[in-house]
Amino acid sequence: MRFLIIVKANPEYEAGALPDEALIARMARFHEELARAGALLDGAGLWPSAEGWRVRYGAQGCELVRGPFAQAEQLVAGYTLIQARSVEDALAWSQRFPNPRGEGLVAEIEVRPLRGLDDFPPSAAIARLRELGAST
């Protein structure tokens, strides 16, 4: 089972502040533990929303909207993608995830299971995605 640990943004992150060395070291140790356990698939931080854009779809087609975006706490600052044997295993890893803002500060991460191609009924489109090497 694959799970995405989503690190929520905060106003400091959106202003471009980088984490301090102590937090980077804690994150590195945690990711090293994940890697040693064979659970780490990927992880990265994102640039603030001012560097990004959204594409909105509607009846008239699509519209490009450039950042920054409001409500920093609802934005994604980074992620860690893990492989876990069970939901309980993923819960245990997520509870060990370092506070992304630093010890004692209010922060939030969100964890969501990934859907694979096996979660969809068989179809020609699913078969084509498998041929293209899409994740299962």
| Other ILVMFWY residues reachable from Val65 by side-chain steps of under 4.5 Å |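 Noted: Val65 shares its cluster with Phe69, Leu75.
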Closest approach of [X] and [Y], non-hydrogen atoms and distance?
{"X": "Ala9", "Y": "Ala77", "result": "CA-CB, 3.8 Å"}
{"X": "Ala90", "Y": "Ala84", "result": "N-CB, 3.8 Å"}
{"X": "Asn99", "Y": "Ala107", "result": "OD1-CB, 3.2 Å"}

Contact between [X] and [Y] at the side-chain level, heavy atoms closer than 4.5 Å - yes or no?
{"X": "Pro100", "Y": "Ile109", "answer": "yes"}
{"X": "Ile6", "Y": "Val111", "answer": "no"}
{"X": "Tyr13", "Y": "Leu46", "answer": "yes"}
{"X": "Phe30", "Y": "Trp93", "answer": "yes"}
{"X": "Val76", "Y": "Val7", "answer": "no"}
{"X": "Ser49", "Y": "Glu14", "answer": "yes"}
{"X": "Ile82", "Y": "Leu41", "answer": "no"}
{"X": "Leu81", "Y": "Leu114", "answer": "yes"}

| How would you list all residue pairs meeting side chain to side chain donor-acceptor pair (under 3.5 Å) that involve residues 62-79, not counting sequence neighbours? |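 The answer is Asp42-Tyr79.
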| request: If a pair satisfies side chain to side chain donor-acceptor pair (under 3.5 Å) and one of its residues is in residues 52-62, list it, with sequence neighbours excluded. | output: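 Of all non-adjacent pairs touching residues 52-62, none passes side chain to side chain donor-acceptor pair (under 3.5 Å).
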| request: Report the residues that fulfil side-chain hydrogen bond (donor to acceptor under 3.5 Å, both in side chains) with Asp119, sequence neighbours left out, ordered by chain and then residue number. | output: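 Expected list: none.
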| query | With sequence neighbours left out, what residues match Arg128 under side-chain hydrogen bond (donor to acceptor under 3.5 Å, both in side chains)? | reply |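 Arg128 satisfies side-chain hydrogen bond (donor to acceptor under 3.5 Å, both in side chains) with Glu131 only.
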| field | Separation between OG of Ser123 and CG of Leu117, rounded to the nearest 0.5 Å | value |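 Going from the OG atom of Ser123 to the CG atom of Leu117 covers 9.0 Å.
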| message | Let me confirm one number: the CZ-NE2 distance from Arg36 to His31, rounded to the nearest 0.5 Å. | response |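 The NE2 atom of His31 is 13.0 Å from CZ of Arg36, to the nearest 0.5 Å.
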Of all residues at least two apart in sequence or in a different chain, which pass the salt bridge (Lys or Arg N to Asp or Glu O under 4.0 Å) check with [X]?
{"X": "Glu51", "answer": "none"}
{"X": "Arg112", "answer": "Glu110"}
{"X": "Glu103", "answer": "Arg26"}

With sequence neighbours excluded, residues passing side-chain contact (heavy atoms from CB on, under 4.5 Å) with [X]:
{"X": "Pro19", "answer": "Leu23, Ile24"}
{"X": "Glu108", "answer": "Lys8"}
{"X": "Leu18", "answer": "none"}
{"X": "Leu105", "answer": "Arg101"}

